[in-house]
A.B. asks: 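Pasting a structure below so you can have a look.
Here is the naming used below: chain letters follow the sequence lines, and residue numbers restart at 1 for every chain.
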2 protein chains.
Amino acid sequence: MADEPASSLRRALDLLDALASDDAVAQGGWGVSRLAAQQGRDKSQVSRTLRVLADAGFVERDAGSMAYRIGWHVFALAARAADQRLLAAGAPILRRLVEKDLGERIHLSVLQGPEVLTILTETPPHAVQTVAWAGRLVPAHNTSSGRALLIDHDRDELERLLAGAVFGVGGPNAPADVNALFERILVARRQGFAIIDEEFEPGLVAAAAPVRGFRGEVVAALNVSAPKFRLGARLPLAGQAIKAAADELSRELGYDARRPTSLVARARAG
Amino acid sequence: MADEPASSLRRALDLLDALASDDAVAQGGWGVSRLAAQQGRDKSQVSRTLRVLADAGFVERDAGSMAYRIGWHVFALAARAADQRLLAAGAPILRRLVEKDLGERIHLSVLQGPEVLTILTETPPHAVQTVAWAGRLVPAHNTSSGRALLIDHDRDELERLLAGAVFGVGGPNAPADVNALFERILVARRQGFAIIDEEFEPGLVAAAAPVRGFRGEVVAALNVSAPKFRLGARLPLAGQAIKAAADELSRELGYDARRPTSLVARARAG
DNA sequence: CAGATTGATGCGCGTAATGCAAATGGGATC
DNA sequence: GATCCCATTTGCATTACGCGCATCAATCTG
């Protein structure tokens, strides 16, 4: 719980988030009133905050509709967001995986608090509709990426990280609590990759493996997900392929598997 | 220059900017003291502001060095709003192209599997018939937009993507097979834009250039097409104009041509 | 161990964010 | 053109909260 006092800065950042929501994007941006109502704030202050954000280029407003949308500055910053090496080195590996090995949707994700952020997606050409997954957040505790990203966490760390998470939802096999999750993490740790069978969504299976940085800590996860009827049978094989690719990516980031990692890897949990 | 009172929000945003500077990025992020000195602010408040930014995910800190960097959350914002911005920033550029530069029909399109989907059109006033092109699908292999959208693809990727495509149809100069297409893509790659001369339809010429997103990957294509008797003579010039406009749009999407984001592009090429 | 550096925190002070209310500015409809 | 209605901005009194100073803990250096 412990709702922070919510500083004025935090409230401003929440406005940016709201403008990047599916609804706001789909409607070509939101006006002051809509934003104020949605955020439970007074219109006046929202108006003033947006003016500052607009002056700084973080939002911009449509000349006709007066609606605000995310501005150029955010895109410029995003281009310099954390570890571009991960993106640069990851892209070709994802492509190869989807084309040569698996023929299913491949994602590269990082941990964002108790959730998983997809930063790169590669879709097979035959895919009918491409849902834009990049930039989306999903829970960490019932997804394959999440399991891979948490593979070094011990029970206490899990407990703390997932204090607010809702267990037992998603697919029929979703873990019921932290203990169940930890058990499955131990399995993943043993075999080097995680297998998910209808935990996140009914009928969906997935496999994921951790990507490590040069210090040995988990920096990302590579995963494949697909309908059970298509991927189910060869899921263990897919896991192996994903793990091989993740290991390759780790090497490109400077990770040396022979060096001991546990100490440094643990440091990131705080 | 009437310096604004500089609200606290503005100061916080300036911190993000500072963290996105070349120096900061090159050094893997900056610490509190460095940032405070560079911004002429007190360490204490920089520390507190960064804590809020970090809680919101807008910055993240390196566990070892304590240095702050732009966080993945910014990336997520940009990724989710990317499509919106493509449309918003694209519209005026299309309008300007058709009014000032070319006086012919301009399209903005994206790749949809092996086909090209037009998402924005601008028509010159003198146009007799206004066919609604937006929402239409055309083949990728014998259109200028398609060529621009496939400009980073290598031969193998083309082969897989266009496995079901019918070659040798459309105009008299339509590419006969994947090899012929790839040859022409190489030409387009060299000059930065694609020229089509009666490939899609007899008597029709076109020029197109790729638009890149903040990650450096091709997200759309800008193109002009017109009857050969009207545009044929100045087609190379039109190509240059289209390329210039596409580059401008890319910049508005956060693409920085100087940065080696081309790693992503190059890696695709092989 | 002294000395320097870096980041976090306690605490009064004063600025700048806040909420209410009123004003402004279009678009509608009649 | 007069009257509403909606969205956005602005005026203003109040005070929360951002601010700088000083202090403290933790690391690094020599």
A.B. asks: Check this for me, if you would: do B/Arg80 and A/Asp22 make a salt bridge, where the nitrogen-to-carboxylate-oxygen distance has to be below 4.0 angstrom?
C.D. replies: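 Result for this pair is no, no salt bridge flagged.
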A.B. asks: Taking the side chain of A/Arg11 as its heavy atoms from C-beta onward, which of C/dA17, D/dC19, D/dT8 lies nearest to it?
C.D. replies: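 The closest nucleotide is C/dA17.
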A.B. asks: Is the phosphate of D/dT9, meaning OP1 or OP2, less than 4.0 Å from a side-chain N or O of A/Arg61?
C.D. replies: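 Checking D/dT9 against A/Arg61, a side-chain N or O does come within under 4.0 Å of OP1 or OP2.
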A.B. asks: What closest approach, in Å, do A/Leu158 and A/Leu150 show between heavy atoms, and which atom pair accounts for it?
C.D. replies: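 Residues A/Leu158 and A/Leu150, closest heavy atoms: CD2-CD1, 3.8 Å.
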A.B. asks: Taking the side chain of A/Arg51 as heavy atoms from C-beta outward, which of C/dG7, D/dT10, D/dC19 is closest to it?
C.D. replies: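 In terms of side-chain proximity for A/Arg51, the closest of C/dG7, D/dT10, D/dC19 is D/dT10.
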A.B. asks: Looking at every heavy atom in both B/Tyr255 and B/Gly213, which two are closest together, and how far apart are they?
C.D. replies: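 Reported closest heavy-atom pair: CB-O, 3.5 Å.
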A.B. asks: Any base atoms under 4.0 Å from A/Arg10, or only sugar-phosphate, or nothing? Heavy atoms, all strands.
C.D. replies: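 Answer is nothing: A/Arg10 stays at 4.0 Å or more from every strand.
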A.B. asks: Do the rings of A/His73 and A/Phe58 sit parallel, tilted or perpendicular, given the 30° and 60° boundaries?
C.D. replies: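 Aromatic pair A/His73/A/Phe58 classed parallel.
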A.B. asks: Using five pairs at either end of the helix from C/dG3-D/dC28 to C/dC30-D/dG1, determine the angle between the two local helix axes and round it to 10 degrees.
C.D. replies: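 The two end axes of the helix from C/dG3-D/dC28 to C/dC30-D/dG1 meet at 50°.
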A.B. asks: Starting at CG of B/Leu9 and ending at C1' of C/dA16, how long is that distance when rounded to a whole Å?
C.D. replies: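 Roughly 12 Å, once rounded to whole Å.
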A.B. asks: Return whichever of A/Ser8 or A/Val32 has its heavy-atom-nearest nucleotide of DNA chain D closer to the 5' end.
C.D. replies: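 The 5'-side residue here is A/Val32.
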A.B. asks: Might you point out which heavy atoms bring A/Ser33 and A/Lys43 nearest each other, and give the distance in Å?
C.D. replies: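 Taking A/Ser33 first and A/Lys43 second, the nearest heavy atoms are OG-CD, 3.6 Å.
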A.B. asks: Between A/Gly64 and A/Lys43, who's closer to the 5' end of DNA chain C by nearest nucleotide?
C.D. replies: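 Result of the comparison: A/Lys43.
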A.B. asks: State the CG-CZ distance between A/Asp152 and A/Arg189, to the nearest 0.5 angstrom.
C.D. replies: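 Reported value, rounded in 0.5 Å steps: 6.5 Å.
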A.B. asks: Between C1' on D/dA7 and CG on A/Leu50, what's the gap in Å once rounded to a whole number?
C.D. replies: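 Value for this atom pair: 13 Å.
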A.B. asks: Please name the pair of heavy atoms, one in A/Ser21 and one in A/Trp30, separated by the smallest distance, quoted to 0.1 Å.
C.D. replies: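 So the two residues come closest at OG-CH2, 3.9 Å.
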A.B. asks: When you measure from the side chain of A/Tyr68, which nucleotide among C/dG7, D/dT9, C/dT18 comes out closest?
C.D. replies: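 Nearest to the side chain of A/Tyr68 among the choices is D/dT9.
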A.B. asks: B/Leu53 and B/Leu16: which non-hydrogen atoms are nearest, and at how many Å?
C.D. replies: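 Scanning both residues completely, I find the closest heavy atoms to be CD1-CD2, 4.2 Å.
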A.B. asks: Between A/Ser47 and D/dT10, is there a contact of a side-chain N or O with OP1 or OP2 at under 4.0 Å?
C.D. replies: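 Checking A/Ser47 against D/dT10: no side-chain N or O falls below 4.0 Å of OP1 or OP2.
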A.B. asks: Please give me the minimum heavy-atom distance between A/Phe200 and A/Pro139, naming the atom from each residue.
C.D. replies: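 Scanning both residues completely, I find the closest heavy atoms to be CE1-CD, 3.9 Å.
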A.B. asks: Check this for me: does any side-chain nitrogen of one of B/Arg51 and B/Asp55 sit under 4.0 Å from a carboxylate oxygen of the other?
C.D. replies: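 Salt bridge absent between B/Arg51 and B/Asp55.
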A.B. asks: Could A/Arg251 and A/Asp247 be called an ion pair, given the rule that one side-chain N must be under 4.0 Å from one carboxylate O?
C.D. replies: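 No, this pair does not count.
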A.B. asks: Strictly under 3.5 Å: I want the nitrogen or oxygen pairs between protein and nucleotides 27-29 of chain D, one per line.
C.D. replies:
none

A.B. asks: Identify the pairs formed between an N or O of the protein and an N or O of nucleotides 19-21 of chain C at a distance under 3.5 Å, and give each distance.
C.D. replies:
from: C/dG19; atom 1: N7; to: A/Ser44; atom 2: OG; distance (Å): 3.3
from: C/dG19; atom 1: O6; to: A/Arg48; atom 2: NH2; distance (Å): 2.7
from: C/dC20; atom 1: N4; to: A/Ser44; atom 2: OG; distance (Å): 3.4

A.B. asks: Can you check the A/Met66 CE to D/dT9 C1' distance for me, whole Å?
C.D. replies: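 Atom-to-atom, A/Met66 to D/dT9, this comes out as 10 Å.
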